[in-house]
Amino acid sequence: MEAAMESKNPIFSRRGPAGQRAWTGPEPTVQQLDAMYAAPSYAPPTARAMTMDDVVVRGFLTLGTLVLSAALAWYFNVGWGLAAPAMLVGLVLGLIVSFRQSTNPALILGYSVCYGVAIGVLSHMYENFYSGIVLQAVLGTMVAFGGTLAVYALKIFRPTPKFAKFVVAAGFAAVGLMLINWIASIFVSGGLGLRADSPVGWIFSAAMILLGCFFLLLDFDEIERGVRSGVPERYSWLMAFGLTLSLVWLYLEILRFISYFTNND
């Protein structure tokens with residue numbers, strides 16, 4: 001009976017009497033047992049390193065989402081009743097991503113959607129006053145992006161740590177000046193004149209466009225260093241967010257600058 005019930009499975013056939021497995025291999029040495037004990041029980045898989053292709057794909061997704069939401073807001077003419085809350089939500093999401101260095105795609109794409117709505121409404125408003133200005137601003141942004149990329153790729157200029165600190169400080173100073181100008185405009189028409197159609201406003205807008213190009217230089221440098229150092233692939237979302245933020249800054253400043261010299265008749 002026992003012979004008739006013997007299993008044909010090679011795994012089970014190696015068991016001894018009473019179903020106990022019989023060890024047929026050599027006895028491990030003390031050194032082998034010590035090495036087995038010292039080895040880690042589990043090694044988690046390493047994250048895939050970020051590549052330039054990852055940044056390009058995420059960049060297209062982030063910027064494409066913004067452009068699509070802007071186009072829909074323009075087409076349906078949603079107005080500031082929706083654009084103003086969307087801009088505030090986008091500002092909050094942008095600050096969260098910036099200060100926490102978040103790589104969460106939901107936060108980054110959420111920023112693109114919200115700011116896209118605001119940009120679409122603002123662009124529609126400018127187009128109603130100055131026919132053709134939006135196309136000029138888009139072309140100007142593309143030229144600024146291409147020119148800055150060429151300067152970086154040809155190694156005509158590469159950001160240094162001192163330059164990076166200067167650009168970040170200039171960015172905070174610019175935002176502070178615009179906030180002060182807005183508060184002053186409540187009490188005095190035109191505020192400090194930083195956003196008025198005047199020589200002061202022209203110079204300030206030109207400086208803001210130049211600052212936007214500096215932001216792009218820092219973005220390109222950050223991307224190259226990230227790829228070279230092999231940061232995890234998820235950081236490509238953060239790189240794409242930085243590029244989108246700089247392009248939004250450039251587009252809005254170029255749009256305003258062109259409006260100073262465009263006839264609204």
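Note that these values count all heavy atoms, side chains included, but never hydrogens, waters or copies made by symmetry.
- Partners of Arg256 under the salt bridge (charged side-chain N to carboxylate O under 4.0 Å, His left out) rule, at least two apart in sequence or in another chain, do not exist in this structure.
- Between Ile108 and the choices Leu61, Thr62, Leu93, Leu245, the side-chain contact (heavy atoms from CB on, under 4.5 Å) rule is met once, by Thr62.
- At least one side-chain heavy atom of Arg195 sits less than 4.5 Å from a side-chain heavy atom of Ser205.
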Just list the side-chain donor-acceptor pairs under 3.5 Å for residues 161-181, sequence neighbours left out, or say none.
from   : atom 1 : to     : atom 2 : distance (Å)
Asn181 : OD1    : Leu192 : N      : 2.8
Asn181 : OD1    : Gly193 : N      : 3.3
Asn181 : OD1    : Leu194 : N      : 3.4

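- Using a 4.5 Å heavy-atom cutoff, the side chains of Thr141 and Leu247 are in contact.
- Looking at Leu211 and Trp249, their side chains come closer than 4.5 Å, going by heavy atoms from C-beta outward.
- Donor-acceptor pairing under 3.5 Å is lacking for the side chains of Trp237 and Asp54.
- Every residue two or more places apart in sequence or in another chain that forms a side-chain contact (heavy atoms from CB on, under 4.5 Å) with Ala196 is listed here: Ser198.
- A salt bridge is absent between Glu224 and Lys155: the closest approach of a Lys/Arg side-chain nitrogen to an acidic carboxylate oxygen does not fall below 4.0 angstrom.
- Between the side chains of Ser123 and Tyr251, at least one donor N or O sits under 3.5 Å from an acceptor N or O.
- Between the CZ atom in Phe241 and the CG atom in Asp219 there is a gap of 10.0 Å [rounded to 0.5 Å].
- Taking the side chain as every heavy atom from C-beta outward, Val113 and Leu66 never approach each other to under 4.5 Å.
- Within 6.0 Å of CZ in Phe60 there are 12 or fewer heavy atoms belonging to other residues, nucleotides or ligands.
- Thr103 OG1 to Met50 CE: the interatomic distance, rounded to the nearest 0.5 Å, is 11.5 Å.
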Ring pair (Phe, Tyr, Trp, His ring centres under 6.0 Å) assessment of Phe145 paired with Phe220
CA-CA 11 Å; Phe145 176 84; Phe220 297 150; 5.7 Å; yes
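- Residues Phe157 and Tyr152 place their aromatic rings such that the two centres sit no closer than 6.0 Å.
- Few gaps surround CH2 on Trp80; more than 12 heavy atoms of other groups in view lie less than 6.0 Å from it.
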